[in-house]
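In what follows, every chain begins at residue 1, and chains take the letters A, B, ... in the order their sequences are listed. Note that this is a predicted model, so its numbers are computed, not measured.
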Amino acid sequence: MVIVFFGFPMALLTRGFVPLTPTAEALCRMFSTSPVCAAIQKMTRVRVVDNSSLGNTPYHRPPKCIHVYTKNGMGKVGDKILLAIKGQKKKALIVGHKMPGPTMTARFDSNNVVLIEDNGNPTGTRIKVPVPTSLRRLKGEYSKVLAIAQTFV
Amino acid sequence: MRKVVAALAALAGCGARSVLRAAREPGQRALLCPDPRARAARGDFAPGLRVRGSRDCSSDHMGRCTTEEPGSLHQPVFNIDVLVALLRQENANEICVIKLPTEIKYADYFIVVSGTSARHLQAMAQYAVKVHKHLKREENYHVHIEGKDTDDWKCIDFGNIIVHFMLPETREIYELEKLWTLRSYDDQLVKIPLEILPLDFIYEPTNDLEPK
């Protein structure tokens, strides 16, 4: 049985090299390393948390993000994204993600999203899942989503 | 502009008395609906409802209208009476003012207002912002109208008060007054089906996979 060290290129060990810096080590590995993943980006599966019919009727494919409307493609709480739901495109607002955010903001166990029309009106009428109150401080039109939410976190 | 503000203050003077009268009624919500038929139609307001963390609606708190948040929040620009007088002056239909308890750390008052047309909503919102700009001091933030490209729902967040301008049809769909008075007991919330796992859902790992 051969024990293989994945964290260190084996070829270099034979020559007795000292451990390299992480960037140099990555170059030696000869495969590409992608940057740190964002909270919600293209192809993430999201959970629709309002009571709209589009979000709650079962479909054989989960709703997926296909575009994030930010400068970089990373979506945090309060960003608008484009979802592919039931074979149609729909805009949505992120209300919680699994990635830890700033200190003293809630981190959710699922990537929550609220469906929104093109003019900014929410598609559903109630949100049962807790919604972060940090939405209020952000620049953008979030009062409507906060108005239909039941609990705040 | 000053004459307008003086007129508003005079109207607010009359309004303040009626607000205090409403405050002394039992229950912790002060619901100001000038149209009693509309109020009955909105309906289902449980007067004896004791929501968890209930407080007494003392006239002292109503008159004060300042939030005790340290740091960011300064003296709020708008008094509730001034704002309601402003909305009445703009011929707003069915002004519904809901006083929120301090446990909901969102705002002091939640107002839902109907308008006759999209242009009416726009005009009301713009007038409210105009008066706010006149009354505000340097330390207060500017306020912007949310829902500029919608024609049926506009919203303004004044810090201590939130105002929603909606058309009657939109108001029927969303029923915000029901949600904010009944909170968890709202019927639209109750109608949302519970997300339960199917009965044959298996938590533990199974021995389905054959070892190679």
Between the main-chain N or O of B:Trp153 and the side-chain N or O of A:Lys144, is there a donor-acceptor pair closer than 3.5 Å? yes
A:Arg45 CZ: over 12 foreign heavy atoms closer than 6.0 Å: no
Looking only at atom types and distance, does a side-chain atom of A:Gln150 sit under 3.5 Å from a main-chain N or O of B:Leu189, one as donor and one as acceptor? no
Where does B:Tyr106 contact chain A at under 4.5 Å (heavy atoms): side chain, backbone, both or neither? both
Answer whether the closest heavy-atom distance between the side chains of B:Leu194 and A:Lys128 falls below 4.5 Å. yes
Counting only heavy atoms not in A:Arg137, do more than 12 fall under 6.0 Å of its CZ? no
Of B:Ile173, B:Asp152, B:Asp157, B:Asp149, the largest count of non-hydrogen pairs under 4.5 angstrom with chain A goes to B:Asp157
Identify the heavy atoms of B:Ala107 and A:Arg136 that sit nearest to each other, and give their distance. CB-NH2, 4.4 Å
Search all heavy atoms of A:Leu146 against all heavy atoms of B:Trp180 and return the closest pair with its distance. O-CZ2, 3.7 Å
Other residues, nucleotides and ligands only: do more than 12 of their heavy atoms fall within 6.0 Å of CD on B:Glu195? no
Is there a side-chain contact between A:Arg126 and B:Asp186, using heavy atoms and a 4.5 Å cut-off? yes
How about CG on B:Leu197, more than 12 heavy atoms from neighbouring residues, nucleotides or ligands closer than 6.0 Å, or not? yes
